[in-house]
Amino acid sequence: MPPPTVPFFLTSTTLATAAKPQRQQLPAQPQPPSCGAKTPADSLAAAYTARMRLNPHLALRLFDHLLRSGADPDPIAYALALARCARERAHPAAAQLHGHAAKSGAASHRRVRNGLIHAYSVCGMLCDARKVFDYGPEVDMIAWNCLLRGYAQGRDAGALREFFARMPARDSVSWNTVIAWCVVNGEHEEAVAVFREMLVSSECQPDRVTLVSVISAIAYLGALAQGLWAHAYVCRKEIEVDEKLSSALINMYSKCGFIEGAVYVFENSCALRSVDTWNAMLAGFTASGCSERALELFTRMESSGFVPNKITFNSLLNACSHAGFVEEGVGYFERMTNSYSIVPDIAHYGCMVDLFCRAGLFEKAEEMIQMMPMEPDAAVWKALVGACRTYKNFELGKKAGHRLIEAAPNDHAGYVLLSNIYALDGNWKGVHKVRKLMLDCGVQKVPGSSSIELDGVIHEFISGDKSHSRKRDVYQMLSEICQQLKIAGYAPDTSQVLLDIDDEDVKESSLALHSEKLALAFGLISTAPGTPIRIVKNLRVCGDCHNVIKLLSKIYGRCIIVRDANRFHRFREGSCSCGDYW
């Protein structure tokens with residue numbers, strides 16, 4: 001019989017019902033084999049197991065051949081086959097292996113049981129994984145961690161936390177699983193809290209995987225002091241900095257507004273550099289408004305022999321877009337396909353649309369949208385609507401705004417941008433119509449939120465919120481700020497208040513309570529003169545706040561760095577690295 005050409009789980013043969021082929025009856029041997037001697041079948045099984053170790057991608061096919069040979073699989077063969085099921089998310093094959101292992105008596109073996117728990121967990125079959133876990137013999141740390149990973153892949157945060165708390169002991173894999181879950185699910189503050197709990201517990205030492213996750217969480221929070229401590233911990237514990245950890249450090253320093261820290265890590269990782277490391281530094285320069293440095297770094301990258309990829313050109317095109325380098329951007333877009341045979345994806349086309357929109361070249365932007373081989377996504381329409389708002393191209397903005405809502409009906413940004421277009425055009429009927437549509441669709445506007453780190457503690461401010469513990473000090477500082485602005489001849493830009501209100505005082509009061517201004521006031525009263533102030537905002541900074549912060553950086557002699565949903569704004573001595581707000 002010729003060997004099968006497809007894996008066993010795609011044929012009519014099933015492990016659960018497969019019967020062993022009848023062996024030819026041989027005459028009785030005068031002397032039985034000595035104790036411990038291997039039979040030919042055992043040797044054949046061992047040979048297949050060895051091949052499965054060497055060729056894990058063929059584990060299922062080889063296991064099928066092993067069964068057809070008439071030999072009995074050993075526990076290691078089951079474990080290797082189950083590992084392949086987990087990698088391929090092949091739940092039916094794992095179930096067949098489970099049935100066969102139960103019949104042969106191998107299911108109670110530790111490695112087989114752990115393999116079943118792991119395979120069921122990664123396939124999303126937590127009930128099956130839990131049955132194997134609960135009804136088997138005493139489980140070890142590997143079994144606990146396998147099931148913990150299964151809970152981490154699900155959406156039940158409570159079940160994950162409860163199971164983690166129940167663990168009799170926890171190693172670095174256990175802690176890393178929970179911390180990584182927090183980062184993936186946007187629970188960045190909890191990720192840092194779990195890391196601190198890990199240090200206090202002294203159950204195990206953090207490793208590279210731990211630090212990559214924690215530093216990624218810190219990067220999102222923009223907590224520079226915590227990031228500096230994490231970097232110092234890496235150095236103090238002599239944790240080896242590989243490509244992933246160096247990229248995480250570069251990303252963290254960039255997102256915390258300390259671009260020179262990112263440069264330091266990059267320049268001291270010469271032997272560890274990969275394309276990902278170069279991309280992290282390129283993205284850092286781009287987000288920090290250092291477009292020229294990004295282009296210079298790309299030249300260094302090419303001369304060093306590294307081949308750029310899609311992510312590289314995405315950062316380059318973004319850098320050109322933010323700096324207004326239209327010709328350079330077009331040149332890089334063409335080089336991407338002509339020199340490196342990279343097919344542009346939706347992100348690259350979106351960068352080109354944004355490039356033309358920021359320059360006010362609406363005809364070229366529309367041409368780029370029409371020539372795209374795929375349907376424009378929300379990012380493309382958002383770039384077009386934002387530019388129409390800046391350049392007061394209301395008709396095109398209304399059309400693009402409706403397309404944006406169609407592309408992302410559950411995103412509040414589309415409704416807000418279209419509503420702003422109508423408000424700037426004085427069409428309050430259109431504003432109310434869009435807001436009613438937003439209400440009917442059950443979409444809620446995300447309130448503006450800004451955070452600032454002080455002595456390792458993150459303080460958050462919500463636009464219009466007066467509940468902060470130091471609200472009296474903050475509002476006294478706001479009053480002083482308003483007086484300083486009046487002395488400097490500043491007049492609030494009430495056109496940023498897109499409400500149907502005629503009272504200018506009400507509009508000015510609304511502007512004064514924007515979250516970034518509250519955070520800045522808190523920073524001014526809580527830090528020493530001359531200390532840089534770093535603020536992270538969840539939404540885009542409005543035009544009035546941009547102008548106010550620019551002026552305050554000169555009045556108070558401070559470097560003020562604001563990271564919003566769009567990019568970094570670095571204010572110093574009355575100017576901003578990102579240029580004028582648009």
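Asn185 contributes no side-chain N or O that, together with a main-chain N or O of Glu187, makes up a donor-acceptor pair within less than 3.5 Å. Checked by atom type and distance alone, the side chain of Thr277 pairs as donor or acceptor with a backbone atom of Ser274 at under 3.5 Å. Listed for the Asn547 side chain is no donor-acceptor partner under 3.5 Å among the backbone atoms of Lys550. Listed for the Ser451 side chain is no donor-acceptor partner under 3.5 Å among the backbone atoms of His459.
Residues Val173 and Val209 fail the side-chain proximity criterion, which asks for heavy atoms closer than 4.5 Å. Side-chain contact check for Phe258 versus Arg534: some heavy-atom pair is nearer than 4.5 Å. Between Ser216 and Asn251, every side-chain heavy-atom pair lies at or beyond the 4.5 Å cut-off. The shortest distance between side-chain heavy atoms of Thr312 and Asn309 falls below 4.5 Å.
Checked by atom type, the side-chain pair Thr286/Asn318 shows no donor-acceptor distance below 3.5 Å. No hydrogens or angles considered: a donor-acceptor pair under 3.5 Å links the side chains of Asp171 and Ser174. Donor-acceptor pairing under 3.5 Å is recorded for the side chains of Thr210 and Asp207.
Within the structure, salt bridge (charged side-chain N to carboxylate O under 4.0 Å, His left out) pairs that include any residue of residues 213-236 do not occur (at least two apart or interchain). Pairs passing the salt bridge (charged side-chain N to carboxylate O under 4.0 Å, His left out) check and including a residue from residues 282-294, sequence neighbours excluded, read Glu260-Arg293.
Counting heavy atoms of neighbouring residues, nucleotides and ligands inside a 6.0 Å radius, atom CZ of Arg87 does not exceed 12 of them. With a 6.0 Å radius and a threshold of 12 heavy atoms from other residues, nucleotides or ligands, Phe394 has its CZ atom above the threshold. Heavy-atom neighbours of Lys310 NZ from other residues, nucleotides or ligands within 6.0 Å: above the threshold of 12. When the shell of 6.0 Å around CD of Glu267 is examined, it contains more than 12 heavy atoms from other residues, nucleotides or ligands. Tyr220 OH: 12 or fewer foreign heavy atoms inside a 6.0 Å radius. Residue Asn338 qualifies as enclosed at atom CG: its count of foreign heavy atoms under 6.0 Å is above 12. Annotation: Arg572, atom CZ; neighbour count of heavy atoms from other residues, nucleotides and ligands within 6.0 Å does not exceed 12.
Here the straight-line distance linking atom CG of Leu539 with atom NE2 of His514 works out to 10.5 Å at 0.5 Å rounding. Atom CD of Glu460 is separated from atom OG of Ser449 by 3.5 Å, given to the nearest 0.5 angstrom. Between atom CD1 of residue Ile452 and atom OG of residue Ser515 there is a gap of 11.5 Å, rounded to the nearest 0.5 Å. To the nearest 0.5 Å, atoms CD (Gln483) and CG (Leu485) are separated by 10.5 Å. To the nearest 0.5 angstrom, Arg558 atom CZ is 5.5 Å from Leu524 atom CG. Here Glu366 contributes atom CD and Lys399 contributes atom NZ; the two are 8.0 Å apart, rounded to the nearest 0.5 Å.
Between Arg335 and Glu328 there is no salt bridge, since none of the side-chain N atoms of the basic residue sits less than 4.0 Å from a carboxylate O of the acidic one. A salt bridge is defined here as a Lys NZ or Arg NE, NH1 or NH2 lying under 4.0 Å from an Asp or Glu carboxylate O, and Glu516 with Arg563 fails to meet this definition. Residues Lys364 and Glu367 are not paired through a salt bridge, judged by the lack of any N-O separation under 4.0 Å between the basic side chain and the carboxylate.
Using cut-offs of 30° and 60° on the angle between ring planes, the pair Phe571 and His546 is perpendicular. Note on ring orientation: taking the six-membered ring where Trp is involved, the planes of Tyr422 and His402 are perpendicular (angle over 60°, cut-offs 30° and 60°).
Between Trp278 and Phe266, a ring centre-to-centre spacing shorter than 6.0 Å is recorded. Ring centers of Tyr349 and Phe333: under 6.0 Å apart, within the cut-off. Between Tyr340 and Tyr332, the ring centre distance reaches or exceeds 6.0 Å.
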What pairs of donor and acceptor atoms, side-chain ones from residues 227-235 against any protein atom, are under 3.5 angstrom apart with sequence neighbours left out?
unit_1	atom_1	unit_2	atom_2	d
His231	ND1	Tyr253	OH	2.7
Tyr233	OH	Gln205	OE1	3.3

